[in-house]
Amino acid sequence: MCGIVGYLGARSPVPLLVDGLRRLEYRGYDSAGIVVPVNGRLEIVKAEGKLDRLVEVLQGRELAGVYGLGHTRWATHGIPSQRNAHPLLDAKGRLAVIHNGIIENFVSLKKRLAGEGWDFVSDTDTEVIANLVSSHFDGDLRVAVERTVAELEGMYAFAVLALESSEPEIVGARSGPPLVLGRGDGEQFLASDPTALLAHTREVVFLENGDLARLTAGGYEVWNSSGEPVERPIVRLNWDPVQSEKGGFKHFMLKEIHDQPQALQDTFAGRVDFESGEVGFDALELTSQEVAAIDRIHLLACGTSWHAALVGKFMLEELTGIPVEVDYGSEYRYRDPLVREGDLAVGISQSGETADTISAMEAAAQRGAKLAAICNVVGSQVTRLADGVLYTHAGPEIGVASTKAFTTQLVALYMLGLYLRQRLGRPVENALLADLAHLPQAVAGVVAGERDFEELAGHFFEASDFLYIGRGANYPIALEGALKLKEISYIHAEGYPAGEMKHGPIALIDKSLPVVAIATGERVFDKVLSNMQEVRARDGIVLAVTDRDAEALGGGADHVIRVPRVSELLQPIINVVPLQLFAYFVAVRRGADVDQPRNLAKSVTVE
Ligand code: F6R
């Protein structure tokens, strides 16, 4: 939800800002812009649409400054347009602001400022920040920002630079969405996300909520919400910048599908001792007494991470015997959830920034739950909120449609189940571990069959609707398969529990509706097979994801996608991979913008 980047140092800022925006573009791509102070003027260049448009507009323009700000937008207030693109100036043209988030009291602030003679030229809430800072600015930008944030309500990360500062400086403020500082050699960076900084520095500082930061040529300073100077820890990131490149793949999504065998391996490596069955995590420690006191586990997440939670319920209940509730972050926070003191609440989030998941975790903590996080981004908000963290180690996920984050979340949930089981004094038998070790190889086998999916997509890319069905832990995989297809190809797709079809959706079946059925394992295989036959009996077209050969399906499928078989609890991790590939190739065939689908952004930092 909007990416912001700032640079201050000896290098020419424009290429650095554009490069940072390129890496943040997944956060929003409605418009982009930069500002650089040059010879006492604020040079602003903005363009509606993707970053490439801005790059075109910048061509041939010499903007030689020593610092600047850049922004890539996901529109909240005001349509995507040049006028609403950031950076935004105050009415006097003294300073420029870039912003990620929402100012909830912007209407009343705007009215007041307008009454005081401040003009507004955009429909954004951000312009209120620009005018407010300007109204408080008399030479000390940090103080002006401090006074401004005292008047703001909502969630924001913003950065400001001003012409009248006595030396080049950038002041940033954070309340909600992330803001990260990067320390280079004689240069300072600021960004929404460390991936924007990886090419220049691995030493980053995650600002806390309420923090203000000031970057100058001499370094950076941070103040907390009480205005006291504070030292925030410097985190050394071990992400390889190459991981944020496409590495020869046409799209990040395809690369990230291919990353999965390694990512799965990285998620369990060093945490599971396959000989002794011991499971342990660096940043999550629960005593046997704490685990015994858990009455219920609450899994809180949104979107694809919520699908991981649905699968996690099967894993955790079977491995621990503890009842599990799964909630959407956006629902949990606005109901009055029943949480007992000592319950375990687990926030699951790739980005660690999702506003609804964060609020749900806060709601659980307020009611006495112990908080854990399953997260991919080191130092992100959910990891700071939680008492313990299980990092997924998937590496940067840039494609808006989540793939490797999902499968690694499933491995993390499975390991969490093993860990809790152990703390409850129950044995972690070999059978529970054997297939975990085999997962990367099994997934690699599916990915290697990529070409088959390209061919399959050729049969189906013109369909206008799809139904995905599965049972048990594969019902959430049906939901995830449908979500992948709809978000990147814009084809309407619905996931349904296979057994529920006859209670309604079967009315939709005809020869134009492809049905993707997940038929693996033993427990419900025959039941799914019957559901497939019901589709076929009504002229529907069935694509089966199965661990059997076509004959075992008894003619129940028109197309068969064969996957390796692992244990029932781990099988969903394999089953989702062909659905990711299928969605990818259908979207490519339709000419869709796979990595940056319309209307979406990767980190949803607003409610
Ligand atoms: C779909 C997708 C989204 C995210 C959701 C939660 O492909 O990526 O549905 O899963 O926005 O995001 P995180 O996991 O970052 O909290």
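When a ligand or atom number is given, it counts from 1 through the structure's own listing order.
Scanning all protein heavy atoms for the shortest distance to atom 11 (O) of ligand 1 gives Val604 CG2, 3.9 Å. Considering only non-hydrogen protein atoms, atom 12 (O) of ligand 1 sits nearest to Thr354 OG1, 3.4 Å. Annotation: atom 6 (C) of ligand 1 to nearest protein heavy atom, Cys302 O, 3.3 Å. The closest protein non-hydrogen atom to atom 15 (O) of ligand 1 is Ser351 OG, 2.6 Å. Residue, atom and distance of the protein heavy atom nearest to atom 2 (C) of ligand 1 are Thr304 OG1, 3.8 Å.
Side-chain contact of Thr520 with Gln571: a donor-acceptor pair under 3.5 Å is absent, judged by distance alone. Thr124 and Asn84 are not linked by any side-chain donor-acceptor pair at a separation below 3.5 angstrom, with hydrogens and angles left out of the test. Side-chain contact of Thr392 with Lys404: a donor-acceptor pair under 3.5 Å is absent, judged by distance alone. Using modelled atom types and a 3.5 Å distance limit, the side chains of His251 and Asp595 yield no donor-acceptor pair. Checked by atom type, the side-chain pair Gln409/Ser305 shows a donor-acceptor distance below 3.5 Å.
Each of the atoms 13 (P), 14 (O), 15 (O), 16 (O) of ligand 1 lies under 4.0 Å from some heavy atom of Ser349. Proximity to Ser402 (heavy-atom distance under 4.0 Å) selects the following atoms of ligand 1: 7 (O), 8 (O). For ligand 1 and Ala401, the ligand atoms under 4.0 Å from any heavy atom of the residue are 7 (O). Of all atoms in ligand 1, listed by their number and element, those nearer than 4.0 Å to a heavy atom of Lys484 are 1 (C), 7 (O). Residue Glu487 has at least one heavy-atom neighbour below 4.0 Å for each of these atoms of ligand 1: 1 (C), 7 (O).
Not a single heavy atom of His307 sits closer than 4.0 Å to an atom of ligand 1. Ligand 1 has Val400 within reach: a non-hydrogen atom of the residue lies less than 4.0 Å from it.
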Q: Start with the C-alpha gap between Arg384 and Glu208, add the side-chain angles, then the distance that decides, and say whether salt bridge (charged side-chain N to carboxylate O under 4.0 Å, His left out) holds.
A: CA-CA 9 Å; Arg384 295 149 165 281; Glu208 301 275 350; 2.8 Å; yes
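Geometrically, ligand 1 and Ser305 share a nitrogen or oxygen pair separated by less than 3.5 Å.
Under 4.0 Å from ligand 1, not a single heavy atom of Glu353 appears.
The existence of a salt bridge linking Asp52 and Arg22 is confirmed by a sub-4.0 Å separation between a basic side-chain nitrogen and an acidic carboxylate oxygen. Checked for salt-bridge contact, Asp356 and Arg333 meet the test: a charged N lies under 4.0 Å from a carboxylate O.
Counting heavy atoms from C-beta on, the side chains of Leu264 and Ile573 come closer than 4.5 Å.
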